[in-house]
Student: 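Got a structure for you, questions after.
The chains referred to below are lettered A, B, ... by the order of the sequence lines, with proteins before strands, and numbering in each begins at 1. Just so it is clear, the values below take in all heavy atoms, side chains as well, and ignore hydrogens, waters and symmetry mates.
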Amino acid sequence: MNIFATYKTHIDAVVGALMAEGALPAGLDLTRVAAEPPREAGHGDISTNAAMILAKPVGKPPRAVAELLVERLKKLPDVTDVSIAGPGFINLKINDDLWRGALRDVLVEGIRYGNADVGKGEPINVEYVSANPTGPMHVGHARGAVVGDALANLLAKAGFKVTKEYYINDAGGQVDNVARALRMRYLQVLGKITAEDVKGALERKEIQYGGEYLMPVAEALAARDGDKWAAVTDDALWIPPLRDFIVAFMMKIVKEDLAAMGIHHDVFSSEKALTVAGKVDDALAFLEGKGLTYTGVLEPPKGKTPDDYEPRPQLLFKATQFGDEIDRPLKKSNGSWTYFAADIAYHKDKVDRGFNTLINIWGADHGGYVKRVAAALKALTDGKGSLDVLLCQMVRVLNNGEPVKMSKRSGTFITMRDLIEEVGKDVVRFIMLTRKNDAPLDFDFAKVTEKSRENPVFYVQYAHARGRSVFRHAAEMFKGADLMDKGLAAADLSRLTDSDEIGVLRAIASWPRTVESAALAHEPHRLAFYMYDLASAFHALWNKGNDAAELRFLQPEDQAVSLARLALVRAVGLVIASGLAVFGVEPVEEMR
RNA sequence: GUGCCCGUAGCUCAGCUGGAUAGAGCGUCGCCCUCCGGAGGCGAAGGUCGGGGGUUCGAAUCCCUCCGGGCACGCCA
């Protein structure tokens with residue numbers, strides 16, 4: 001139950017009644033009227049901007065409108081006081097029992113507390129990772145993977161019907177290139193050429209992938225097929241089988257790494273399968289039928305030295321009709337489809353599968369690609385489909401403030417697997433969600449494992465562990481007492497009276513609206529900050545007990561107050577666990 | 001040159017989609033604790049929200065413009 005949503009409904013009803021009576025003009029738009037926690041706790045419990053929003057359409061100053069509302073608002077359930085403040089805020093004070101009721105909700109609902117229905121079961125497709133099957137995933141992929149996965153979980157919690165999807169780019173020139181590199185390594189494994197030869201080929205740019213990670217693949221190929229590919233020199237004969245081999249090999253590794261990260265996609269879509277099934281041709285025919293393609297010549301790119309540029313007629317998509325800067329090529333000069341053409345087909349495929357709302361998680365280096373895909377989607381759906389692309393900025397990997405060197409060209413880079421093995425998937429996942437996706441992120445091996453308030457993972461997990469520790473003590477102290485969630489829900493919560501205790505209850509009560517707003521904004525990182533704040537309030541309460549023994553959660557001489565406080569402790573743990581579940585992080589029982 | 005993202009305390013960052021006196025951690029300064037309810041606590045100083053215009057009851061938030069940083073820029077993916 002979302003208390004703020006409830007009061008928003010109440011406030012709307014009050015305004016509605018006044019409109020019906022003619023005290024306010026009819027037909028007022030209430031969508032921007034909000035019921036929120038006030039910035040300052042001293043201002044009350046729930047604050048509404050209704051008077052300020054309505055002032056203009058009503059034609060009276062905010063405070064005059066507020067006067068009209070106040071008497072009615074006073075009569076709302078559990079409202080103990082109403083005041084007008086500042087430019088026209090109306091602040092409601094409500095009975096503390098309402099906060100206590102929220103606590104009871106948590107105990108009854110468990111980690112489902114905060115589940116919302118703003119999604120109304122609408123299908124939504126979240127595509128993330130989609131790393132090329134040409135090598136292992138690195139830190140950048142890890143960030144996108146975690147952001148996408150947490151966002152998908154968050155949307156599911158908010159009531160959307162979420163599909164987690166991965167697009168395998170197994171059809172373009174890059175997979176051919178990695179097949180070429182694989183062949184070199186294969187010949188090396190067979191002893192037909194040396195490591196120096198491979199290096200030379202790399203320097204002469206005959207191959208583009210030089211990483212050592214290709215060696216196990218080459219060995220596996222040799223183990224399966226012996227030397228049969230050494231004698232085959234016709235590209236058309238050896239590239240496809242080697243390409244298929246390495247794609248399968250890499251996808252197996254990708255899936256294993258994702259599993260180690262706790263990530264499981266519902267759907268894997270293959271670019272190659274899409275192409276073979278003729279869906280690219282279909283999609284382009286569809287656009288052609290709408291008169292949105294033509295053959296033309298693009299201007300050379302501005303600001304870049306167009307040394308190898310030559311004007312060349314190409315099949316283009318009229319992206320400019322849908323907000324893009326230039327029309328975009330669909331066919332390469334060799335006659336094959338561009339990546340974009342296949343991507344159009346892919347997005348059409350998503351729409352055909354019933355998704356109107358699409359979310360893609362990409363690296364920031366793909367930012368220049370967003371407009372054309374959005375344009376294509378508009379063209380494909382007559383403007384009905386919506387696409388939100390979340391661009392993830394760079395991750396800087398540090399150790400104690402010192403940058404950890406990375407070079408993809410030399411083949412040595414920090415892989416996602418490295419991160420997991422170094423600090424564990426839970427730490428990786430949480431840290432990746434402590435920044436907005438469009439802000440750069442520092443990942444410092446030393447700091448993320450530090451045991452201090454500076455480290456949000458530790459601080460949040462510590463709060464959870466402390467709560468569990470209290471329960472271990474309570475089981476000893478109150479043998480026979482019902483410490484299960486249901487039992488605690490029956491505790492006399494009126495014994496929770498300390499202002500900091502009520503403060504924690506308020507924080508708990510605002511979890512559902514945090515979930516809703518984060519989901520609608522596609523910003524899972526907000527939950528990290530919420531959890532940090534809740535943990536902070538909980539630790540503060542704990543510290544207070546250090547100084548004042550009568551505020552400690554467990555009072556051996558007073559089981560009733562202890563049970564009430566245990567209910568609070570448990571609720572904090574459940575809400576943290578609820579947030580961590582969205583993040584795919586396991587709450588810990590104790591710190592080790 | 002064009003497009004997208006970013007610019008908030010000395011540092012790292014929040015800021016709930018336009019609300020009240022702009023917050024937190026670190027650092028600095030002052031006081032307290034040395035306790036396994038442990039991996040510190042309390043308090044203070046510190047801001048022209050990059051600059052300048054505009055929109056309105058009200059702007060860090062929306063619009064314009066300039067400055068600074070990142071990313072991208074026909075047939076790669």
Student: For atom C1', what is the distance between B/G52 and B/G7, given to the nearest Å?
Tutor: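 The same atom, C1', in both gives a distance of 16 Å.
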Student: Do the side chains of A/Arg396 and A/Asp444 get close enough for a salt bridge, i.e. N-O under 4.0 angstrom?
Tutor: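 Looking at A/Asp444 together with A/Arg396, the answer is no, because their closest N to O distance does not fall below 4.0 Å.
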Student: Between A/Glu523 and A/Arg526, is a salt bridge (charged side-chain N to carboxylate O under 4.0 Å, His left out) present by the stated rule, with each step listed?
Tutor: CA-CA 6 Å; A/Glu523 292 189 352; A/Arg526 288 190 196 178; 2.9 Å; yes
Student: So what does A/Thr514 hit on the nucleic acid, given a heavy-atom distance under 4.0 Å: a base, only sugar-phosphate, or nothing?
Tutor: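 Counting heavy atoms under 4.0 Å across all strands, no contact is made by A/Thr514.
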Student: Under a 4.0 Å threshold between the charged nitrogen and the carboxylate oxygen, would A/Arg180 count as salt-bridged to A/Asp176?
Tutor: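 Between A/Arg180 and A/Asp176 there is no salt bridge, as every charged N stays at least 4.0 Å from the carboxylate O atoms.
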Student: Looking at A/Phe340, is A/Arg328 sitting on its ring face, NZ or CZ under 6.0 Å from the six-membered ring centre and within 45 degrees of the normal?
Tutor: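 No - A/Arg328 does not lie over the ring of A/Phe340 by the 6.0 Å and 45° rule.
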Student: Does A/Trp542 have a side-chain nitrogen or oxygen under 4.0 Å from the phosphate oxygens OP1 or OP2 of B/G38?
Tutor: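 Looking at the OP1 and OP2 atoms of B/G38, one of them is under 4.0 Å from a side-chain N or O of A/Trp542.
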Student: Considering only B/U12, B/A77, B/G74, which nucleotide approaches the side chain of A/Arg435 most closely?
Tutor: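 That would be B/U12.
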Student: Please round to the nearest 0.5 Å and tell me the distance separating atom CD of A/Glu501 and atom CG of A/Leu496.
Tutor: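 Between A/Glu501 CD and A/Leu496 CG, I get 5.0 Å after rounding to 0.5 Å.
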Student: Which dot-bracket string fits RNA chain B when only Watson-Crick or G-U wobble pairs with both atom distances under 3.5 Å count, crossing pairs get [ ], and | stands for a partner on a different strand?
Tutor: (((((((..((((.....[...)))).(((((.......))))).....(((((..]....))))))))))))....
Student: Heavy atoms under 4.0 Å, any strand shown: does A/Tyr532 hit a base, just sugar-phosphate, or nothing?
Tutor: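 Sugar-phosphate only.
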Student: Roughly how far apart, to the nearest Å, are B/G41 and B/U56 at atom C1'?
Tutor: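 It comes out at 45 Å once rounded to the nearest Å.
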Student: I would like to know whether A/Asn360 and A/Lys350 meet side chain to side chain donor-acceptor pair (under 3.5 Å); could you show each step before the answer?
Tutor: CA-CA 12 Å; A/Asn360 292 352; A/Lys350 288 186 192 173; 3.2 Å; yes
Student: For the side chain of A/Phe529, starting at C-beta, report the closest nucleotide among B/A14, B/C57, B/G40.
Tutor: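 Of B/A14, B/C57, B/G40, B/A14 is nearest to the side chain of A/Phe529.
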Student: Tell me the interatomic distance from A/Met531, atom CE, to B/A14, atom P, rounded to whole angstroms.
Tutor: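 Atom-to-atom, A/Met531 to B/A14, this comes out as 15 Å.
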Student: What is the distance, to the nearest angstrom, from the CG atom on A/Leu534 to the C1' atom on B/A14?
Tutor: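 So the two atoms are 16 Å apart, to the nearest Å.
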Student: A/Tyr462 side chain N/O closer than 4.0 Å to the phosphate oxygens (OP1, OP2) of B/A39?
Tutor: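 Checking A/Tyr462 against B/A39: at least one side-chain N or O falls below 4.0 Å of OP1 or OP2.
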Student: Choose from B/A20, B/A24, B/C75 the nucleotide whose nearest atom is closest to any side-chain atom of A/Thr338.
Tutor: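 Closest nucleotide to the A/Thr338 side chain: B/C75.
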Student: Measure the CE-NE2 distance between A/Met432 and A/His525 for me, rounded to the nearest 0.5 Å.
Tutor: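 Answer rounded to 0.5 Å: 15.5 Å.
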Student: Rounded to whole angstroms, how far apart are CG on A/Asp327 and P on B/C73?
Tutor: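 Roughly 19 Å, once rounded to whole Å.
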Student: Quickly work out the A/His525 NE2 to B/A14 P distance and round it to whole Å.
Tutor: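 So the two atoms are 6 Å apart, to the nearest Å.
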Student: Suppose you measure atom C1' in B/U2 against the same atom in B/G18; what distance do you get, rounded to whole Å?
Tutor: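 Comparing C1' positions in B/U2 and B/G18 gives a spacing of 31 Å.
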Student: Using whole Å, what does the distance between atom C1' of nucleotide B/C4 and atom CG of A/Asp388 come to?
Tutor: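 Rounding to the nearest Å, CG of A/Asp388 and C1' of B/C4 are 14 Å apart.
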Student: Based on the glycosidic angle (syn within 90° of 0, else anti), state the conformation of B/U17.
Tutor: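 Base orientation relative to the sugar is syn.
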Student: Give every pair of a protein N or O atom and an N or O atom of nucleotides 68-71 of chain B that lie under 3.5 Å apart, one pair per line with the distance.
Tutor:
residue : atom : partner  : partner atom : Å
B/C71   : O2'  : A/Ala364 : O            : 3.2

Student: When the C1' atoms of B/C5 and B/G43 are considered, how many whole Å apart are they?
Tutor: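 Looking at atom C1' only, B/C5 and B/G43 are 39 Å apart.
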Student: When the distance from NZ of A/Lys56 to P of B/U55 is rounded to whole Å, what number comes out?
Tutor: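 That distance rounds to 12 Å.
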Student: From the set B/G74, B/G25, B/A20, return the single nucleotide nearest to any side-chain atom of A/Arg312.
Tutor: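 Nearest to the side chain of A/Arg312 among the choices is B/G74.
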Student: Toward the 5' end of RNA chain B, which comes first, A/Thr48 or A/Asp442, by nearest nucleotide?
Tutor: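 The residue whose closest nucleotide sits nearer the 5' end is A/Asp442.
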Student: Considering only side-chain heavy atoms of A/Glu454, which listed nucleotide, B/C26, B/C57, B/G40, is closest?
Tutor: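 Within the option list, the nearest is B/C26.
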Student: What integer distance in Å separates A/Leu433:CG from B/C13:C1'?
Tutor: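 One finds 15 Å between C1' of B/C13 and CG of A/Leu433, rounded.
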Student: What is the nucleic acid contact for A/Leu554, judged by heavy atoms within less than 4.0 Å: base, sugar-phosphate only, or nothing?
Tutor: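 Touches a base.
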Student: I'd like to know if A/Asn91 reaches the base of B/A20 with its side chain, counting only an N/O donor and acceptor under 3.5 Å.
Tutor: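 Looking at the base of B/A20, it does pair with a donor or acceptor on the side chain of A/Asn91 (distance under 3.5 Å).
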Student: Working to the nearest 0.5 angstrom, can you tell me the gap between A/Arg312 CZ and A/Thr295 OG1?
Tutor: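 That separation rounds to 14.0 Å.
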Student: Could you tell me how far B/U48 sits from B/C31 if I compare only their C1' atoms? Round to whole Å.
Tutor: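 Looking at atom C1' only, B/C31 and B/U48 are 34 Å apart.
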Student: So what does A/Pro329 touch, heavy atoms closer than 4.0 Å: a base, only the sugar-phosphate, or nothing?
Tutor: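 The answer is sugar-phosphate, as A/Pro329 gets under 4.0 Å only of primed atoms, P, OP1 or OP2.
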Student: Between OH of A/Tyr128 and SG of A/Cys392, what distance do you get to the nearest 0.5 Å?
Tutor: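 Atom-to-atom, A/Tyr128:OH and A/Cys392:SG are 12.5 Å apart.
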Student: Take A/His539 and A/Arg453 through the test side chain to side chain donor-acceptor pair (under 3.5 Å) and record every step on the way to the result.
Tutor: CA-CA 10 Å; A/His539 288 310; A/Arg453 182 170 193 159; over 6 Å; no
Student: Using a strict threshold of under 4.0 Å (side-chain N to carboxylate O), is an ion pair present between A/Glu36 and A/Lys8?
Tutor: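 Looking at A/Glu36 together with A/Lys8, the answer is no, because their closest N to O distance does not fall below 4.0 Å.
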Student: Please determine whether a side-chain nitrogen or oxygen atom of A/Arg466 lies at a distance below 4.0 Å from atom OP1 or OP2 of B/G38.
Tutor: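 Answer yes for this pair, as a side-chain N or O of A/Arg466 is under 4.0 Å from OP1 or OP2.
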Student: Return the OH to CD distance between A/Tyr167 and A/Glu271, rounded to the nearest 0.5 Å.
Tutor: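 Nearest 0.5 Å value for the OH-CD distance: 4.0 Å.
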Student: In Å and rounded to the nearest 0.5 Å, what is the CG to CD1 distance from A/Asn455 to A/Ile431?
Tutor: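 Separation between the atoms: 5.5 Å.
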Student: As a test of reading the structure: which of B/C75, B/G41, B/A77 is closest to the side chain of A/Ser333, going by heavy atoms?
Tutor: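 So the nucleotide nearest the side chain must be B/C75.
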Student: Which atom pairs link the protein and nucleotides 16-18 of chain B when you take only N or O atoms and keep those under 3.5 Å?
Tutor:
residue : atom : partner  : partner atom : Å
B/C16   : O2'  : A/Ser517 : OG           : 3.3
B/C16   : O2   : A/Arg513 : NH1          : 3.0

Student: Taking OP1 and OP2 of B/G3, is either one under 4.0 Å from a side-chain nitrogen or oxygen of A/Lys371?
Tutor: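 Checking B/G3 against A/Lys371, no side-chain N or O comes under 4.0 Å of OP1 or OP2.
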Student: Sticking with atom C1', work out how far B/C11 lies from B/U28, rounded to a whole angstrom.
Tutor: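 That atom pair is separated by 12 Å.
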Student: To the nearest Å, give me how far apart OH (A/Tyr339) and P (B/C75) are.
Tutor: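 It works out to 13 Å between those atoms.
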Student: Compare all side-chain heavy atoms of A/Phe322 with those of A/Leu292 and state whether any distance is below 4.5 angstrom.
Tutor: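 They are in contact (side-chain heavy atoms under 4.5 Å apart), so the answer is yes.
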Student: Considering only the P atoms, how many Å lie between B/C32 and B/G70, rounded to the nearest integer?
Tutor: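 Their P atoms lie roughly 48 Å apart.
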Student: What integer number of Å spans the C1' atoms of B/A14 and B/A77?
Tutor: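 35 Å, rounded to whole Å.
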Student: So which one's nearest nucleotide on RNA chain B is more toward 5', A/Pro440 or A/Glu299?
Tutor: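 Counting from the 5' end, the first nearest nucleotide belongs to A/Pro440.
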Student: Does this structure show an ion pair linking A/Lys544 with A/Asp500, if we count only N-O contacts that are shorter than 4.0 Å?
Tutor: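 Salt bridge present between A/Lys544 and A/Asp500.
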Student: If you compare every side-chain N and O of A/Lys436 against the phosphate oxygens of B/G15 (OP1, OP2), does one of them come in below 4.0 Å?
Tutor: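 Checking B/G15 against A/Lys436, a side-chain N or O does come within under 4.0 Å of OP1 or OP2.
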Student: Within the pair A/Arg453 and B/G25, is there a side-chain N or O less than 4.0 Å away from OP1 or OP2?
Tutor: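 Checking A/Arg453 against B/G25: at least one side-chain N or O falls below 4.0 Å of OP1 or OP2.
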Student: Which one, B/A20, B/G3, B/C5, comes nearest to the side chain of A/Glu325?
Tutor: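 Shortest atom-to-atom distance from the side chain points to B/G3.
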